[in-house]
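All ligand and atom numbering here is 1-based and tracks the order in the structure. Worth knowing before you read on, the calculation uses all heavy atoms, side chains too, and leaves out hydrogens, waters and symmetry mates.
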Amino acid sequence: MTGKLLIVEDEEKLAMLLRDYLAAAGFEPSCLYSGRDAVSRIREERPDLVLLDLMLPVKDGMEICREVRGFSDVPIIMVTARIEEIDRLLGLELGADDYICKPFSPREVVARVKAVLRRAGSRTIQSTRLLLDEGRYLATVDGHSLELTAVEFKLLQFMAASPGRIFGRQQLMDRIYPDQRVVADRTIDSHIKKLRKKIAAVCPEDEIIHSVYGVGYKFEMPAE
Ligand code: CA
């Protein structure tokens with residue numbers, strides 16, 4: 001696997017260790033030791049993935065993640081020194097793709113980078129019951145076409161890429177409207193409602209998009 005990676009980490013030794021491991025795994029990593037220029041570097045260099053430390057001088061990882069999501073879908077792996085922080089970060093719906101807790105083994109980081117890139121790169125999702133082909137904007141359940149709008153397709157694709165994961169409304173909105181257009185919370189609910197209706201029309205027995213009360217939605221496809 002190849003790709004340009006940006007490591008934003010103020011512990012220089014750790015950053016270099018990661019850089020060496022990731023380079024050995026075939027990636028092209030570069031390092032940044034402060035949060036100050038992270039957003040502009042990401043905008044200019046368009047890396048394929050960003051490893052983003054949470055605690056950074058000048059501008060922290062949370063702020064960077066939020067700003068980047070305003071213009072880019074680049075996969076982001078957040079790195080934090082405390083396991084308890086991960087729950088809090090998940091609650092903030094920053095739009096990060098994965099979280100890694102320090103201390104970690106560089107091998108684990110390489111494995112997570114590969115997993116996130118694989119997930120991000122898969123434009124076609126295919127399981128026994130669901131097919132999502134982005135090239136053709138084709139979505140089928142049990143062989144029945146769903147006739148989705150572009151927004152509905154994107155929503156389903158985003159959620160189906162991580163079955164069982166709960167997505168907050170803000171996270172879904174950031175994905176659908178990356179330009180941060182101001183849209184009401186209910187916009188997502190109404191897209192989801194239509195999406196569910198189309199799914200129910202071809203597959204009335206099963207619920208595939210589940211509401212998680214007070215949090216958001218998740219995709220879960222019952223087995224055949
Ligand atoms: Ca740090």
Audit row: Lys114, Phe27, side chain to side chain contact (heavy atoms under 4.5 Å, CB included) steps and yes/no: CA-CA 10 Å; Lys114 286 183 177 171; Phe27 296 105; 4.0 Å; yes

Closer than 3.0 Å to the Ca ion (ligand 1), which protein N, O or S atoms?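 Hits for the Ca ion (ligand 1) below 3.0 Å: Asp10 OD1, Asp53 OD2, Met55 O.
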
Shortest non-hydrogen contact from [X] to [Y]?
| X | Y | answer |
| --- | --- | --- |
| Gly3 | Asp48 | CA-OD2, 3.3 Å |
| Cys203 | Val141 | CB-CG1, 4.1 Å |
| Cys65 | Met78 | CB-SD, 4.4 Å |

Please list, chain by chain and in numerical order, all residues satisfying salt bridge (charged side-chain N to carboxylate O under 4.0 Å, His left out) with Glu220, sequence neighbours excluded.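 Partners of Glu220 under the salt bridge (charged side-chain N to carboxylate O under 4.0 Å, His left out) test: Lys218.
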
Is it the case that one hydrophobic cluster holds both Ile100 and Leu49, taking links as side-chain heavy atoms less than 4.5 Å apart, direct or via other members?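 Ile100 and Leu49: one cluster.
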
